[in-house]
Structures are given as structure tokens and as C-alpha cells.
**Q** 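Here's a structure for you.
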Amino acid sequence: MTDQAATRTGAADAIPQARLDLIPLALPVALAGLAFLLIGTPTTWLTLTLAALAMGMMIFVIASGLTLVFGLMDVINFGHGAFIAVGAYLAMTVLGPLAPLVQADSLMLNLAALALAALVATFGAGALGLAFERVVIRPVYGQHLKQILITMGGLIIAEQLLHAIFGGDQKAMALPTAFRGAIVVGDLAFEKFRLLAVAIGLVVFLAMQLTLNRTRIGLLIRAGVENSEMVEALGYRIRRLFVGVFAAGSALAGLGGVLWALYRETFTAAIGSEVMVLVFIVIIIGGLGSVGGCFLGAILVAMMANYTAFLAPKVALASSILLMVAILMWRPQGLYPVAKR
Amino acid sequence: MAEPLLSLEGVHTHIGQYHILQGVSFAVPEGGMTVLLGRNGAGKTTALRTIMGLWKPSAGVLRFAGAAIGGMATPEIARAGIAYVPESMAVFSDLTVAENITLAARSGPPDPARLDWIFSFFPAMKRFWHAPAGVLSGGQKQMLAISRAIVEKRRLILVDEPTKGLAPAIIEGMIGAFRELKRETTILLVEQNFRFAASLGDNVAVMDDGRIVHAGAMAALAADEAMQTRLLGLSLDSHQ
């Protein structure tokens, strides 16, 4: 190739840069600012904001896997709630015999019990996810209507199985001693468990960002979410990747189920399906397939729910839907849409 | 006579209710460039996608390097040594140029000497190495799609209309790049730009209505204006 031609193909323009889209990041700040003005009392506002952050992190942990599952294979999984419920029940089963550790007046013993329960719930839900993908999802790849029907059916069967195994009554999930109550600073009270939930949510978010941006698997997932066919044409088996992501997403839902059950302190087998409405709103707001968007969407939905519950309890139930409608009118593909083929 | 690198014998492909490939037979010899020509809707892109396993053939035999590939999944076909540059280019917009190329190098990090070779005919790839692919121009995206296909040596590269929508200056650059590429590998090129195809192709197959209607040496077709008019509806002169 001649130098002349090389120069021509080189297009000596300025190096193109990705447009940093910071506007969505300003939304939670603006929402918090508006709530501050409406609430008026700084301590109440701060308590509500922290509660919102904790709730948002828990929803993010639950929703992050679902958004990747949809992004990678266009699979709409209404059965995701089953993994949340299984996580909660597994944690309850583990924490039962560990009551002395849960009730001990020692942070380390409490953490050990909680970590073991979370580990069992995470891996248990992940294993269930593998089976669910094989039995329920695989026969209906590419068939959205059948996916909706069969995954909803899977959720109903899972819930009924949990009722049959554990009984249909409401279950209690006591917080470990060290995470009961609040840390009081002046007029402010920070609930300890909410601080823990925020910490776990941040760790999950950072781990996902590192995996997606710094590893080859992450590169494949990001490419697959955008164009799975081209990833296959490059020689990678997207189905295997999808199975891995599905299991990881189910495992995270299991972990989220533990946190959500501890947050509410009581639950039934419907714990998953109850939270799924919020989860779907979050992944739609964030942009299907976008982990960053899912994180932001979870925080926004939780803020809206907490602030409106205080300011206007009558519209609290509809607030998330109103938020979704407003965001989709502004950005129909969500806050951070993933470029699809 | 040496066995061709790729051969299609009586290949039929259905997409939904449509019968697109209706008994396609042609061969791609090892080395050089074979060009698949034909008007819009003749079935050229479907032929490439069928070779790549992206559409499953409903009948016929596809052989690559002596092995039947007709029933294989796309990743296995790619791993057998076929690279694909689709018409849409299909670069990963959210990934940087570096990430796009790194992903295409299946056996590990890209070889620096190989990258330098690619940069020698696509210097824009070096310049925009850390830029997201989504912000590149159309020509740069095409360069990236081709770079991705050649970052590791493959036995056959399928390229679907690389000049589509590109400025003449960029197309001239592409001609130089393909001349370099066909020295080391075999290329099956789908193209509507006959001037571009004639300047590069060694062999040609012409498709119409899902069938091959002519196959032979490109030089013979380029020199025969009457045949061009009969097969393609236009002569080479009309493209100048």
C-alpha cells in the first residue's frame, strides 16, 4: 500500500472521543435536592436518603444479573423472583441452627453466620439458575411470548415448592445482634443493617465493573450484549457465556434475597415476585443490558419510593411507575442504552 | 487439480418462507481473491452467512479445507479458520478499537508485529487505538472490521461489500490493503462495485436469483464488456 493511500485511509482528523453522558448522573442529585427542599428537616432527609441508598443497593444486587441476561440473549425472565425467594429460604435454613452465633454479642460471630448464610444462598440460587436455564429457558430461546409464559410458570412452581417444603406461613428472619438498631450521631440515626447493605451493594457494583472492564470474560459479555451474533462469528460460544451469566445473575438474586429478607425481617415465598415489579422498572429505566444504568436506576427508584412514602404516601405506590414514564419520555431506550446491532 | 479451499455444492437456504439460495455451487481455490458478484437480492450475503453458519443450509454440501462444515455451529466454523467481515461491519460500538481487536485475537494478546503490519495499511487503527469504535467514521469502522478479521492469520476471510457507502479516497486505500492481504490468505469478497472487484479479483462467480450463473477468471469477465452487460446489466466502463 502506498504512503499516499495510507495517509488517506488514516483520516488525520482529531481523535474521536466518547461523549461522556453525565446528565443521568445528575438525576439522583437533583431528586435529593428537590426532596431536601420539600422535606425541610435535614435529619429526616438524611435518614430517608440513606434508607433509599440501602434499598437501591439491594435492588441493584437483585437486578444486575437480569439486565445482563436480557442484554446477552434477549431472554425475558419473569422467573428471576424464584432465585430471590430461594436465597431467602436458604439463608433462613442456615441461620436457624446458627442462632447462637446470630444472637452472640460479637460482630465477628454475627458476620461469620451471615457470611455463611449468604454464601449458601448465593451458590444455591446459582445452582438453581443453572437448572432453570437448562430446563425452562433453553427450549424457548428467541421466542419472547413463550419465554414470558414459561418463566412465569417456573416462578409459580418454585413458589409452590417452597410452600410445600417450608410451609405457607410467614417466616421471620432476625437480624444478627450487631446489625440491630442504629448508630446515632447527634440528631441523626443510621440503621446498621442499611449501612451493611450499602457496603455490600457497592462491593458487588465495583466487582461487576472490574469484571466487565478489566477481564476477557467481561469484554466478551459487553460485546455479546451489543451483538451476540458477531461474538459467535469471532469463534466464541455465546451460549456457554450466557449460561455462566445466567447462573451468576441467579446467584446475585439469591444474595439479594438474603438482604431483602433481612431488611424486611419477615417474608413468604412471594418475596421475589413482590419485588420483581421494582426490578423490571429499574432495568428498563437503566437501559436493558446496562449495568451502570441498572445501578443508577435502582438508586433513583429507591429514592423516589422513600421520599414519596414520606411526602405523599398516597402516591408512593405509583411513584416508581411515574418515574419510569418520565424517564422513558425523555430517553425511550433508558438512561444508558446499550448499542444493539 | 488441487482441491479448492472452500466449495459449495447444490446449497439451498431458506429464511422463513423464502427460498433464498436455490442450489448454489461454486469453489474458492486456495490463495488470492474470489469475488461473488450479483445484483441486489441475488443471494450473495445469504451465501456468506450460510458459509459462516449464521443461516443453516436446508440442503447441499459445504466443504472447507476438506471437512464438511454445513452442520457446524458458527463458533466452530470460525475456529476452523474462517473470518467474517459482515456488510454491517458489526464493530462493537461500546468497546474501544483496542478491545475490538483484542477480542478477535482468540489465542491471546495480539502479536505486536502483526499489529504493526495492520497499522501499515490502516494507520487510523493505531491513531484511534483507545477511541470507542462507536465514534469512528464509516471508513474507519470498515478498517476496524477488517483488522479484526486479520489480527490472527486465518485461512479464509469472507468480506461482504467493504466499499459500501465509502468515499472514493477510502476505497482507493482499501484496494491497497486488500492487495497486501491476499498475498497471505484467501479472500472471498462480495461486492457490487465492479471496478473495485475487477481490480482485485482473481476469480469470479456471478449470482442471480439464488443461483450461480457464471464462474471463471476475473480477467476474462473484466475484458468482455458484452458478458458484463449480460451478467451484471452494466459494463466496467459505465462504472468509471
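Below, read A as the first sequence line, B as the second, and so on, with proteins coming before strands; counting in each chain starts at 1.
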**Q** Is there a side-chain contact (heavy atoms from CB on, under 4.5 Å) between A:M230 and B:F92 once you walk through the steps?
**A** CA-CA 9 Å; A:M230 195 60 220; B:F92 303 115; 3.9 Å; yes
**Q** Out of B:R154, B:M125, B:R179, B:R148, which one racks up the most heavy-atom pairs below 4.5 Å with chain A?
**A**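 Most pairs with chain A among the choices: B:R148.
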**Q** B:R106 side chain to A:L234 main-chain N or O, any donor-acceptor pair under 3.5 Å?
**A**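 Judged by distance alone, yes, a pair lies under 3.5 Å.
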**Q** Using a 4.5 angstrom heavy-atom cutoff, name the option from B:S88, B:A105, B:A73, B:G53 with the most pairs to chain A.
**A**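 Sorted descending by pairs with chain A, the first entry is B:A105.
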**Q** Checking heavy atoms, do the side chain of B:A90, its backbone, both or neither come under 4.5 Å from chain A?
**A**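 When you check distances to chain A, atoms from both the backbone and side chain of B:A90 fall under 4.5 Å.
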**Q** Give a yes or no on this: more than 12 heavy atoms of other residues, nucleotides or ligands lie within 6.0 Å of atom NZ of B:K56.
**A**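 Atom NZ in B:K56 is crowded, with more than 12 foreign heavy atoms closer than 6.0 Å.
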**Q** Could you check whether atom CE of B:M72 has more than 12 heavy atoms from other residues, nucleotides or ligands sitting under 6.0 Å from it?
**A**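 Correct, the count exceeds 12.
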**Q** In this structure, are over 12 heavy atoms from other groups packed under 6.0 Å from A:L202 atom CG?
**A**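 Yes, because the 6.0 Å sphere around CG of A:L202 holds more than 12 heavy atoms from other groups.
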**Q** Looking at CG of A:L220 and CG of B:L95, how far apart are the two atoms once the value is rounded to the nearest 0.5 Å?
**A**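 Here the rounded value is 9.5 Å.
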**Q** Count the heavy atoms of every other residue, nucleotide or ligand shown that sit under 6.0 Å from CD of A:Q333, and state whether that count exceeds 12.
**A**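 Check fails, neighbour count at 12 or below.
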**Q** Should B:E76 and A:R237 be marked as a side-chain contact (heavy atoms from CB on, under 4.5 Å) after you check the CA-CA gap, both sets of side-chain angles, and the distance that decides it?
**A** CA-CA 8 Å; B:E76 275 64 45; A:R237 298 171 183 95; 2.7 Å; yes
**Q** Do the charged groups of B:E99 and A:R216 touch, with an N to O distance under 4.0 Å?
**A**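 A salt bridge is absent here (no side-chain N lies under 4.0 Å from a carboxylate O).
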**Q** Can you tell me which of B:P75, B:G134, B:A104, B:A80 forms the most heavy-atom pairs within a distance under 4.5 Å of chain A?
**A**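 Sorted descending by pairs with chain A, the first entry is B:P75.
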**Q** Heavy-atom distances under 4.5 Å only: say whether B:T96 touches chain A with side chain, backbone, both or neither.
**A**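 It is neither, since no heavy atom gets under 4.5 Å.
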**Q** Donor-acceptor pair, A:Y236 side chain versus B:L103 backbone, under 3.5 Å?
**A**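 Flag set: sc A:Y236 to bb B:L103 pair under 3.5 Å.
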**Q** Do other residues, nucleotides or ligands put more than 12 heavy atoms under 6.0 Å from B:F119 CZ?
**A**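 Atom CZ in B:F119 is crowded, with more than 12 foreign heavy atoms closer than 6.0 Å.
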**Q** So, A:E229 side chain and B:L54 main chain: donor-acceptor pair closer than 3.5 Å or not?
**A**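 A pair under 3.5 Å: no.
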**Q** For B:T74, is it the side chain, the backbone, both or neither that has a heavy atom under 4.5 Å from a heavy atom of chain A?
**A**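 When you check distances to chain A, atoms from both the backbone and side chain of B:T74 fall under 4.5 Å.
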